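Proteins get letters first, then strands, A, B, ... in listed order; numbering begins at 1 in each. Bear in mind that the values here come from a model prediction, so they are computed numbers and not experimental data. Note that these values count all heavy atoms, side chains included, but never hydrogens, waters or copies made by symmetry.
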Amino acid sequence: MEIQETTPISISVANRRLVKRLLLITVAMFGFGFAMVPIYDVLCAITGLNGKTGGRVAAVESSAVDEARTITVEFIASLNVGAPWEFTPQVNRMQVHPGQYYQTHYLARNLTGHALVGQAIPSVAPGLAAQHFQKIECFCFTRQIFQPEEGREMPVVFRIDPNLPPDVHTVTLSYTFFRVDDAGG
Amino acid sequence: MSTAAAPALDDHDHDHHAGPSPGLIRWLVTTNHKDIGTLYLLFSLTMFFVGGAMALVIRAELFQPGLQIVNPHFFNQMTTLHALVMIFGAVMPAFVGLANWLLPMMIGAPDMALPRMNNWSFWIMPFAFTLLLSTLFQAGGGPAGGWTLYPPLALQTGNAFPFVILAIHMMGISSIMGAINVIATILNLRAPGMTLMKMPLFVWTWLITAFLLIAVMPVLAGSVTMLLTDKYFGTSFFNAGGGGDPVMFQHIFWFFGHPEVYIMILPAFGVVSQIIPTFARKPLFGYASMVYATSSIAFLSFIVWGHHMFTVGMPLAGELFYMYATMLIAVPTGVKVFNWVSTMWRGAMTFETPMLFAIAFVILFTIGGFSGLMLAIAPADFQYQDTYFVVAHFHYVLVPGAVFSIMAAVYYWLPKWTGHMYNERLGKIHFWLSVVGVNVLFFPQHFLGLAGMPRRIPDYALQFTEFNMISTVGAFLFGFSQLLFLYNVVQTIRGGAKATDQVWEGAHGLEWTLPSPPPYHTFTTAPEVK
Ligand code: HEM
Ligand SMILES: [Cu+2]
């Protein structure tokens, strides 16, 4: 970086070269902002940091039920802005044993006089428990179409993986319902 | 470098050696670093008063509980725009203005390295702020979701939204061009003998700040672009319904946001490191450690952004990492404070206005650093997050921190720039009113925050009334005292006692070897630095 006695010409050359490099950094950092999106997704998929659960898991033989351990699972339902449904869990909490399959359901009712398409987005807290919350059946796997005024029960079949870290005693499953048939999401 | 060097700086700028263009057109077409420095500083001063007026609306509303003066939507526009105007319109341009005026004179260069780009980077700013402020007059009003623009709230902004995003893009482009110019000037135009480790600290801190700007302004541009496409082009970067994640915005935003706070404070460190040795009549204590401390603060600032997100539901390991990394920043910051105090230790000190502001900076910025440390304690932050405690913290580092350093700089170098001494008595009155005002304004906010008063609300529970009243009184005291500053600056530009070339008995450095005011072109022949 040491600058020697420079002639005028070499200064303008040096300026041009430096500006090019700095612009390159600028462009690279603009790209880095966008690169954070896939990096974040991959990191979260690996670690479950943001509480996103994985997709459908194949049902496995639930031999390894850990009867000695009881986990409280809490169910939460919320609606995104402009999602005209009534949306509630059937039960607010359940006591479960890791390894065992359980079924519960959520109730949703279209409050409008026209058909709607909704999508439920699950999220698990604490985030690190997300990977251990395994769903073999869930209404969140697909979009849900509702006829005018239609209400129905939507099932979730899940189990808690016995590898759930031992310091976790309560797992909260939260669904947010989004309207996805228009820009109302 | 010889005089023939000048045209090579800008091949097409034939009248480089001429004086200023006549009339007002001078300011539009100028490529002179002193002119552009003046433009930036005047722009910043204007925005300081615009943003200040918004702050007084906020404080007036908060004088009492209940809704008195403005409706909540307008209140939220005030908090959002106050922050955007002060950060991007007042503090950052002020430092760019100081850089323009001072860097070439401090390193013995004839001008900035890229004079025409310099003109451009300034003239983008008035347009950016016209766009931003015009949103106040649009149907649906301006942005009201906070300067941090968190989705999904920010996406509920009405037609003002694209204006805000475009304005931020323009400010970003302006800052990046300014930063490139600063780096090119410092690396390529130093006078012979001006080695890196001989550069005044203001030059050093600006060099590092410029690198921070280049690294993070593009990330801000990327994040607001994603907001724009989420709102208008159906992407789902931050829309959970479409598979995105709103928390990801916070990561990207604060990856910019934390280095941004250092962009606003490193040049302030530089200013104070120039002023304290002058009035203590001793060389700066620990010059090299100052350089290394500044560099380590800049480096660390990239890995601590998570301290703004302790409550989003991070795993424990993340909380601990961000907590310890943040606390680590207190070490180089402590080194700096130690060095400033050691510089004053047993110095032959005098207390002219710039020194008063610089000393207040050291003390009050340190208070802000302490509240920052409290906030860095992850378990405690769960209580402090989004309360007035955070407001108190960042105002201590930004107002008696960054803003005081800018005022100190103006009092310190104004005699050099204008050739006139400012009114010292008025300067001291301004200082004392400001320092009392700022503490009455912000100190009670610590208590409000600890007691649980949330930030960004127009109304509050009754038990918070007294401290809010005190805070509002302080706000008006501080705000109106700034009119003295304005008056003093204007009077000094128009006339006053003749300043000597050295201005201050203890001042050292190339800029003080020039006449006061310096001629339009200086150091066209590079000085010899021993
Ligand atoms: C020792 C140094 C510092 C530490 C440890 C520190 C720590 C923190 C922490 C933990 C927060 C987040 C609080 C929360 O939202 O709950 C915060 C917020 C903030 N800090 Fe600092 N800080 C330091 C220095 C600074 C400096 C030098 C500046 C600016 C010049 C600054 C400006 C801000 C701002 C603007 C916010 C609030 C952003 C917002 O939410 O709107 N801080 N600080
Ligand atoms: Cu920060």
Under 4.5 Å heavy-atom distance to chain A, tell me which part of B:Ser236 shows up: side chain, backbone, both or neither.
neither
Of all heavy-atom pairs between B:Val219 and A:Met29, which one has the smallest distance, and what is that distance?
CG2-O, 3.6 Å
Which heavy atom in A:Val37 sits nearest to a heavy atom in B:Met226, and how many Å separate them?
CG2-SD, 3.8 Å
From CG (B:Asn188) to CD1 (A:Ile11), nearest 0.5 Å:
7.0 Å
Looking at A:Tyr102, I want to see if its OH is surrounded by more than 12 non-hydrogen atoms of other residues, nucleotides or ligands under 6.0 Å.
yes
Tell me, for A:Ala14 versus chain B, whether the close heavy atoms (under 4.5 Å) come from the side chain, the backbone, both or neither.
both
I'd like to verify something: which residue of A:Ala28, A:Gly33, A:Ser123 has the highest number of heavy-atom pairs under 4.5 Å with chain B?
A:Gly33
To the nearest 0.5 Å, tell me how far B:Ile180 CD1 sits from A:Arg21 CZ.
13.5 Å
How many angstroms lie between atom CD1 of B:Ile176 and atom OG1 of A:Thr26, to the nearest 0.5 angstrom?
5.0 Å
Greatest number of heavy atom pairs closer than 4.5 Å to chain A - which of B:Phe237, B:Phe211, B:Phe255:
B:Phe255
Region of A:Phe34 in contact with chain B, defined by heavy-atom distances below 4.5 Å
both
Measure the spacing between CG of A:Leu22 and CG of B:Asn181 and express it to the nearest 0.5 Å.
10.5 Å
Would you say that more than 12 heavy atoms from the other residues, nucleotides or ligands in this model lie under 6.0 Å from the OH of B:Tyr232, or not?
yes
ring-ring contact (aromatic ring centres under 6.0 Å, His included) with B:Phe310: which residues, sequence neighbours excluded?
none
Mind checking whether A:Val19 and B:Met117 have side chains closer than 4.5 Å, heavy atoms only?
no
Criterion side chain to side chain contact (heavy atoms under 4.5 Å, CB included) on A:Tyr40 and B:Val247, from CA distance to verdict:
CA-CA 10 Å; A:Tyr40 180 81; B:Val247 173; 3.8 Å; yes
Around A:Asn163, counting heavy atoms of other residues, nucleotides and ligands shown, do more than 12 lie under 6.0 Å from its CG?
yes
For chain A, which candidate among B:Gly313, B:Ala215, B:Ala221, B:Pro152 shows the most heavy-atom pairs at distances under 4.5 Å?
B:Ala215
Side chain from CB out, backbone as N, CA, C, O: work out which of these in A:Leu18 comes under 4.5 Å of a heavy atom of chain B, or both, or neither.
side chain
Is the CD1 atom of A:Ile145 crowded by more than 12 outside heavy atoms at less than 6.0 Å?
no
CD1-CG distance between B:Ile183 and A:Asn15, expressed to the nearest 0.5 angstrom:
12.0 Å
Does A:Arg152 have more than 12 heavy atoms from other residues, nucleotides or ligands lying within 6.0 Å of its CZ?
yes
Which atom pair, heavy atoms only, marks the closest approach of A:Met36 to B:His251?
CE-O, 3.9 Å
